[in-house]
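Written below as structure tokens is the structure these notes are about.
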Amino acid sequence: MTGPLPDPAQIVSAARLVAACRHGVALTGAGISTESGLPDFRSRDGLWQKLDPMRVATLTAFHRTPEVFYEFYRERLALLRHARPNPAHLALAYLQRIGRLRTIITQNVDGLHQAAGAADVVEVHGNLREAVCVSCRTVVSIRVLEDQLDAGTLPTCWRCNGKLKPNVVLFEEMLPPDAYQAAEEACRRCDLLVVVGSSLQVTPVSFLPGVAAAHGAALLIVNAEPTPADAEARVVLRGQAGSIRPALVERVEACPAKGFPGFGPN
Ligand code: NAD
């Protein structure tokens, strides 16, 4: 998918920020994976335009209407089977390899950052590789859950017979505390936070740009639509992340490794 590119001057400013940072961190959301064929939640073509999240993505729905809940996840898993990392995932992994970025914090459960070769990925909303027992917290491969659904039974835990759910954070659930603490710590330490493809409407992740900014980091936002953090950002690139990527990475490579006056720490 392609779209109009932001003003080239904005891309140059963004590239300078990335080239100048010493401790860059990325925060990604569902928008980074739309160009891999996975719909996001809140944009015009997002999942919540067609489905009521309260019916498919809450702990209450999981317990009260498991058939509806599992059908939603079966469809997401089927889409995920064919999804591949797109240029935006590859660009973040590349920026990490060349030392521009350290941690990648993601709200996504699709594993596409790791598939792109990224390391140090903090999955604050869990993942779809695994299923977890809601009673004894035993974690198994998602295949165990899928096999039971394929056999026409509701998935249960081999250890305690409790109910199995995908190892993702549902509405009404807490975030895994270790993952959220790691994300907060990364935002406290970074000098640049690059937000890609998130509406920044879901708490507590929506607080992270504020944490980074309060500790002196610059914000770079790459998103198709406005976000509540735009006003605080040093640079906002409006558009499709995958289309912006070649121009941005090319310009980062053209920048000297050390900083530019007026752009982040030197
Ligand atoms: P969101 O749907 O609220 O926001 C996505 C944002 O990305 C929107 O503002 C949209 O304009 C923008 N966007 C869409 N396509 C884009 C593109 N190609 N380039 C740049 N921007 C683009 O998603 P969110 O902020 O991640 O919301 C958080 C919730 O979404 C989390 O709970 C997360 O677990 C969940 N989620 C994850 C996946 C996934 O794993 N791929 C998919 C759907 C939802």
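Note that ligands are numbered from 1 as they come in the structure, with each ligand's atoms numbered from 1 the same way.
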Does an N or O anywhere in Phe41 fall below 3.5 Å from an N or O of ligand 1?
yes
Pull out every atom of ligand 1 sitting under 4.0 Å from any heavy atom of Ser33, numbered as shown with elements.
41 (N)
Where ligand 1 meets Ala30 - atom numbers and elements under 4.0 angstrom, heavy-atom basis
23 (O), 24 (P), 26 (O), 36 (N), 37 (C), 38 (C), 42 (C), 43 (C), 44 (C)
Ile32, any N or O under 3.5 Å of ligand 1 N or O:
no
Ligand 1 atoms in contact with Val202 (distance to a heavy atom under 4.0 Å):
27 (O), 28 (C)
Would you mind checking if Asp150 and Arg74 are paired as a salt bridge, meaning a charged N to carboxylate O distance below 4.0 Å?
yes
Quick check on Gln201 - does any of its heavy atoms sit under 4.0 Å from an atom of ligand 1?
no
In ligand 1, the atoms that come under 4.0 Å of a heavy atom of Asp110 are 39 (C), 40 (O), 41 (N)
Taking Gln96 for the side chain and Arg102 for the main chain, is one N or O donor matched with an acceptor at less than 3.5 Å?
yes
Using heavy atoms and a 4.0 Å limit, tell me yes or no: is Gly239 in contact with ligand 1?
yes
Where's the contact between Asn108 and ligand 1, heavy-atom distance under 4.0 Å: side chain, backbone, both or neither?
both
Verify, without hydrogens or angle tests, whether Thr58 (side chain) and Ala61 (backbone) share a donor-acceptor contact under 3.5 angstrom.
yes
For Ala224, counting its heavy atoms only, list the atoms of ligand 1 lying under 4.0 Å from any of them.
11 (O), 13 (N), 20 (C), 21 (N), 22 (C)
Side chain proximity check, Glu123 to Val109, heavy atoms < 4.5 angstrom:
no
When you check the gap from the basic side-chain N to the acidic O, do Glu184 and Arg189 get nearer than 4.0 Å?
no
Just jot down the salt bridge (Lys or Arg N to Asp or Glu O under 4.0 Å) partners of Glu173, sequence neighbours excluded, or say none.
Lys165
Kindly confirm or rule out an N or O of Val109 lying under 3.5 angstrom from an N or O of ligand 1.
yes
Which side-chain N or O atoms in residues 199-222 pair as donor and acceptor under 3.5 Å with protein atoms at least two apart or in another chain?
from	atom 1	to	atom 2	distance (Å)
Ser206	OG	Val202	O	3.4
His215	ND1	Val211	O	2.9

Mind checking whether Arg76 contacts ligand 1 via backbone (N, CA, C, O), side chain (CB onward), both or neither, at a 4.0 Å heavy-atom cut-off?
side chain
Val12 and Leu17: same hydrophobic cluster, using ILVMFWY side-chain contacts below 4.5 Å?
no
Taking the side chain from Glu35 and the backbone from Gly242, do they hold a donor-acceptor pair closer than 3.5 Å?
yes
Does ligand 1 have a heavy atom under 4.0 Å from the side chain of Gln240, from its backbone, from both, or from neither?
both
May I ask whether Gly197 has any heavy atom positioned less than 4.0 angstrom from an atom of ligand 1?
yes
Does His125 offer a backbone N or O that forms a donor-acceptor pair with the side chain of Gln107 under 3.5 Å?
no
Show which atoms of ligand 1 fall inside a sub-4.0 Å distance from at least one heavy-atom site of Pro39.
42 (C), 43 (C)
Are Asp230 and Arg238 ion-paired here, with the side-chain N under 4.0 Å from a carboxylate O?
yes
Give the numbers and elements of all ligand 1 atoms closer than 4.0 Å to a heavy atom of Glu225.
8 (C), 9 (O), 10 (C), 11 (O)
Are any of the N/O atoms on Gly29, whether in the backbone or the side chain, positioned under 3.5 angstrom from an N/O atom of ligand 1?
no
